[in-house]
Amino acid sequence: MSWQPYVDDNLVGTGNLKHAALISATDGAVWAISENFVLSKGEELSLVEKFKNPDAACRTGITVGGSSYIVLRGDEKSIYGKKGATGVILAKTAQCIIIGYYDNTIVPGRAVVTVESLADYLREKNF
């Protein structure tokens, strides 16, 4: 199964996210990623760990694409980070973590709906 169309069409293609990625929820391996969006192996593994203890994510923040974000909300399904007018939406399913990045040209609420809608769909399919 190719995961790249989910990033290209269902996430970035909506216009509600600037960048996006899908990574494994177990080891952080990148399944699909948008052009010019870079995640380090350390960041990927850190995000997997943050979902194991979302309260810690709220206290320490998260790093995505080399930028640090304060966490506005974190639970076992979703973590929302913000830095100025930009932010990230992370949503965990059974097998993957969806990462969506929005910049100052995108309405944060639309970014949330885009990421969470795909997460809901994948959860229904047991992914």
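Every value quoted in this text rests on a predicted model; they were computed, and no experiment measured them. Position 1 is the first residue of the sequence; numbering continues from there.
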From [X] [atom1] over to [Y] [atom2], what is the distance, rounded to the nearest 0.5 angstrom?
X: Asn10; Y: Leu22; atom1: CG; atom2: CG; result: 9.5 Å
X: Leu118; Y: Ile98; atom1: CG; atom2: CD1; result: 4.0 Å
X: Ser2; Y: Asp8; atom1: OG; atom2: CG; result: 8.5 Å
X: Asp103; Y: Leu17; atom1: CG; atom2: CG; result: 10.0 Å
X: Leu11; Y: Thr114; atom1: CG; atom2: OG1; result: 7.5 Å
X: Lys52; Y: Glu76; atom1: NZ; atom2: CD; result: 15.0 Å

For the pair [X] (side chain) and [Y] (backbone), establish whether a donor and an acceptor sit closer than 3.5 Å, ignoring hydrogens and angles.
X: Glu116; Y: Ala91; answer: no
X: Glu43; Y: Gly65; answer: yes
X: Arg123; Y: Lys92; answer: yes

Please test Lys125 against Thr93 for side-chain hydrogen bond (donor to acceptor under 3.5 Å, both in side chains), starting from the C-alpha separation and ending with a verdict.
CA-CA 10 Å; Lys125 303 295 182 189; Thr93 69; over 6 Å; no

Going by atom types only, do Lys18 and Thr105 share a side-chain donor-acceptor pair under 3.5 Å?
no

Less than 4.5 Å apart, any side-chain heavy atom of [X] and any of [Y]?
X: Ser46; Y: Thr63; value: no
X: Thr14; Y: Arg110; value: no
X: Tyr102; Y: Pro108; value: yes

If you compare all heavy atoms of [X] against all heavy atoms of [Y], which two are closest, and at what distance to 0.1 Å?
X: Lys50; Y: Gly61; value: NZ-O, 3.2 Å
X: Ala94; Y: Ala25; value: O-CB, 4.4 Å
X: Leu122; Y: Cys96; value: CD1-SG, 3.9 Å

Tell me who clusters with Ile33, hydrophobic residues only, linked when side chains sit under 4.5 Å apart either directly or through other members.
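Members alongside Ile33: Ile23, Val30, Phe37, Leu39, Leu47, Val48, Phe51, Ile62, Val64, Tyr69, Val71, Ile79, Val88, Leu90, Ile97, Ile99, Tyr101.
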
Are there more than 12 heavy atoms of other residues, nucleotides or ligands under 6.0 Å from atom NZ of Lys82?
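Correct, the count exceeds 12.
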
Please answer: with hydrophobic residues joined when any side-chain heavy atoms are less than 4.5 Å apart, are Val115 and Tyr121 in the same cluster?
yes

Is the ring centre of Phe127 less than 6.0 Å from the ring centre of Trp31?
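Between Phe127 and Trp31, the centre distance exceeds or equals 6.0 Å.
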
